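If you're wondering where the values come from, they're calculated on a predicted model, not measured in any experiment. Within every chain, numbering begins at 1; the chains are lettered A, B, ... in the order of the sequence lines, protein sequences first and strands thereafter.
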Number of protein chains: 2
Amino acid sequence: MVADLSQDRSRLGRSSTAELVADILRDRISEGFFRPGQRLSEESISEGLGVSRNTLREAFRLLGHERLLDHKLNRGVFVRLPSAEDVSDLYHVRRVLEGAAVRLAPPPEALAVIKEAVLDAERAAAEDDWQRVGTANIRFHQALVSLNGSPRIDEAMRQLLAELRLVFHVMENPRAFHEPFVDRNRTLLGLIESGPPERAAAYLDDYLDDAERLLIDAYAP
Amino acid sequence: MVADLSQDRSRLGRSSTAELVADILRDRISEGFFRPGQRLSEESISEGLGVSRNTLREAFRLLGHERLLDHKLNRGVFVRLPSAEDVSDLYHVRRVLEGAAVRLAPPPEALAVIKEAVLDAERAAAEDDWQRVGTANIRFHQALVSLNGSPRIDEAMRQLLAELRLVFHVMENPRAFHEPFVDRNRTLLGLIESGPPERAAAYLDDYLDDAERLLIDAYAP
DNA sequence: TCTTGTCGAATTGTTCAACGATTCCTATGT
DNA sequence: ACATAGGAATCGTTGAACAATTCGACAAGA
């Protein structure tokens with residue numbers, strides 16, 4: 001009778017001002033409104049958002065732990081500016097997490113989400129909407145990693161992709177970067193559906209190697 | 001002349017009161033002084049440590065993001081009490097991270113750290129010091145994962161093991177749990193040094209499957 | 001007896017003002 | 001040009017205050 005409301009329960013506790021502020025700032029950083037390297041003044045932002053400095057500082061801590069902000073003692077918080085080593089490390093983690101995902105037997109309903117992301121990327125590419133291509137590409141890899149079925153890995157991937165977005169924001173033309181991977185996403189999907197896991201894994205490794213190389217070459221922080 | 005102090009530099013920036021407080025609380029939780037499920041009162045702890053409530057709250061946020069504390073709105077912070085699903089997920093992540101590590105070509109100097117951990121566990125087991133066996137075992141797996149050479153993965157593993165320690169703190173006799181794995185650590189080390197990576201990976205999978213099963217059976221949160 | 005409503009104490013959430021400490025910028029002097 | 005000494009701006013931390021929320025106890029009603 002008392003249907004399991006234990007799921008909805010998690011939603012209940014999710015609304016302190018500090019977390020709301022963190023959500024807002026995360027979105028702003030993600031969309032590029034705050035640029036990497038930029039300093040975020042406690043005074044101006046707390047005033048702008050209408051929250052106290054203490055509450056804002058709690059939000060800063062949250063985002064600092066997600067590696068989106070860089071907290072320098074007595075100097076303030078800055079939007080993180082990833083180094084080339086950071087990019088390399090991010091791709092190493094991607095190889096581990098995505099590689100583990102494609103080696104698993106994929107549940108059909110999870111495949112549907114991936115397929116939808118591939119389709120959306122293709123549609124957006126046909127319309128020259130490269131902003132949306134990038135978003136769909138991110139959704140593709142997020143869904144890919146979710147094949148692991150692990151909440152912690154999903155969360156780690158979310159943070160990783162948010163950090164990677166910082167890299168894109170300092171590049172001159174991120175669109176050109178995403179273009180070649182629309183087709184490869186579809187190929188990879190096919191290998192996951194039908195091919196042996198090892199082939200998908202090998203293809204993915206090449207995929208990520210190429211992406212990392214392209215990115216690092218074009219990246220001058 | 002100015003030897004590379006770039007490593008020590010990371011420690012320099014690490015000294016706000018909030019982070020120090022977080023370090024203290026992390027140690028206390030890790031050693032079991034604060035038990036899982038226990039509520040941490042803002043007033044008593046801030047008074048006990050001689051810091052203001054605001055500073056303490058910043059420390060709480062940090063540990064909350066490490067999944068060591070559970071922040072419930074308007075109810076306070078509690079030492080996290082992992083569920084059986086959490087344990088399962090933690091071991092899934094371990095399989096991914098440690099599995100990726102043993103498939104890589106191991107640099108000799110990293111192997112030395114692993115070997116030292118194995119030896120220490122064996123010595124401690126011979127002396128019936130099961131507390132130290134547990135610590136050495138954790139060091140073993142931390143060193144194992146560090147074969148990835150990824151700072152982010154190292155950090156994730158650190159958090160994962162800290163969370164796993166919470167599980168041990170609610171078990172009746174964690175010592176009995178660690179005992180069978182002293183020998184298996186040595187065997188695994190041998191396979192990493194000499195055997196083909198796939199054999200080490202297979203052995204590791206069995207290892208972690210057994211550990212997870214034993215742990216979940218004995219775990220009643 | 002069980003449920004429901006209400007009150008009050010205790011704790012958290014948030015804000016505000018203040019002061020010392022640190023960093024950065026600038027002007028001053030050599 | 002260079003070093004140095006202020007001074008402004010900002011951060012780090014504190015303490016107090018008040019609103020909001022939770023929780024337990026106790027009384028009223030079915």
Side-chain angles (χ1 to χ4, degrees), chain A residues 1-2 5-6 8-26 29 34-35 37-65 67-81, chain B residues 2 5-6 8-26 28-29 34-35 37-65 67-81:
Chain A
M1 194 49 169
V2 185
L5 303 169
S6 46
D8 303 337
R9 184 159 191 178
S10 59
R11 294 194 166 192
L12 270 261
R14 283 216 154 279
S15 63
S16 83
T17 307
E19 303 206 15
L20 290 182
V21 171
D23 289 341
I24 293 174
L25 295 179
R26 194 184 296 107
I29 294 170
F34 293 129
R35 318 247 346 150
Q38 179 177 348
R39 176 166 154 274
L40 301 186
S41 156
E42 288 188 358
E43 187 178 351
S44 62
I45 291 185
S46 66
E47 186 180 356
L49 289 178
V51 301
S52 79
R53 255 180 72 210
N54 280 325
T55 300
L56 179 65
R57 285 167 61 84
E58 291 197 355
F60 278 168
R61 292 279 180 191
L62 291 177
L63 296 176
H65 229 272
R67 298 185 205 262
L68 293 183
L69 295 183
D70 210 352
H71 208 132
K72 304 186 180 178
L73 191 62
N74 284 319
R75 295 192 47 206
V77 297
F78 301 77
V79 179
R80 183 104 184 294
L81 192 145
Chain B
V2 185
L5 304 169
S6 47
D8 304 336
R9 181 155 194 181
S10 59
R11 294 197 165 192
L12 230 25
R14 275 200 147 285
S15 61
S16 80
T17 308
E19 304 205 16
L20 290 181
V21 171
D23 289 341
I24 293 175
L25 295 180
R26 194 185 297 107
R28 288 297 192 178
I29 294 170
F34 294 129
R35 319 259 328 162
Q38 179 178 348
R39 175 168 157 274
L40 302 186
S41 156
E42 289 188 358
E43 187 178 351
S44 63
I45 292 185
S46 66
E47 186 181 356
L49 289 177
V51 300
S52 81
R53 249 180 77 213
N54 281 323
T55 300
L56 178 65
R57 284 168 62 85
E58 289 199 359
F60 279 167
R61 293 278 180 192
L62 290 177
L63 297 176
H65 227 277
R67 297 185 206 261
L68 293 183
L69 294 183
D70 210 352
H71 207 131
K72 304 186 180 180
L73 191 62
N74 286 318
R75 295 193 44 205
V77 297
F78 300 78
V79 179
R80 183 106 183 294
L81 192 146

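The CD-P distance, from B/Glu19 to D/dC11, rounds to 16 Å in whole Å. Put simply, CG on A/Leu56 is 11 Å from P on D/dG12, counting in whole angstrom units. A/Asp70 places its CG atom 15 Å from the P atom of D/dC11, with the value rounded to the nearest Å. The separation between A/Arg39 atom CZ and C/dC25 atom P is 10 Å, rounded to whole Å. The distance from atom CD of B/Glu42 to atom P of D/dT21 is 16 Å, rounded to the nearest whole Å. The separation between B/Leu20 atom CG and D/dT14 atom C1' is 16 Å, rounded to whole Å. As rounded to whole Å, 8 Å separates atom P of C/dG13 from atom CD of A/Glu58. In this structure, NZ of A/Lys72 is placed 14 Å from C1' of C/dC24, rounded to the nearest angstrom.
Within residues 47-55 of chain A, the residues that place at least one heavy atom under 4.0 Å from DNA chain C are, in residue-number order, A/Gly50, A/Val51, A/Ser52, A/Arg53, A/Asn54, A/Thr55.
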Under 3.5 Å, which donor-acceptor pairs link side chains of residues 45-53 of chain A to any protein atom two or more places apart or in another chain?
residue : atom : partner : partner atom : Å
A/Ser46 : OG   : A/Glu42 : O            : 2.8
A/Ser46 : OG   : A/Glu43 : O            : 3.0
A/Ser52 : OG   : A/Asn54 : N            : 3.4
A/Ser52 : OG   : A/Thr55 : N            : 3.3
A/Ser52 : OG   : A/Thr55 : OG1          : 3.3
A/Arg53 : NE   : A/Glu42 : OE1          : 2.9
A/Arg53 : NH2  : A/Glu42 : OE1          : 3.4

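Side-chain N/O atoms of A/Arg57 include one lying less than 4.0 angstrom from OP1 or OP2 on D/dG12. Distances shorter than 4.0 Å separate some side-chain N or O of B/His71 from OP1 or OP2 on C/dG13.
Legend: residues meeting side chain to side chain donor-acceptor pair (under 3.5 Å) with B/Arg28, ordered by chain and number and at least two apart, are B/Glu31. Scanning for side chain to side chain donor-acceptor pair (under 3.5 Å) contacts around A/Arg67 gives an empty result, with sequence neighbours left out. Applying the side chain to side chain donor-acceptor pair (under 3.5 Å) criterion to A/Asp23, with sequence neighbours excluded, gives A/Arg26.
Legend: ring pair (Phe, Tyr, Trp, His ring centres under 6.0 Å) pairs involving residues 44-65 of chain B, not counting sequence neighbours, sorted by first then second residue: A/His65-B/His65.
Taking the side chain as every heavy atom from C-beta outward, A/Phe78 and A/Leu69 never approach each other to under 4.5 Å. Under the 4.5 Å side-chain criterion, counting only non-hydrogen atoms from C-beta, A/Glu19 is in contact with A/Leu62.
Set against C/dT23, D/dC23, C/dG13, the side chain of A/Arg75 has C/dT23 as its closest nucleotide.
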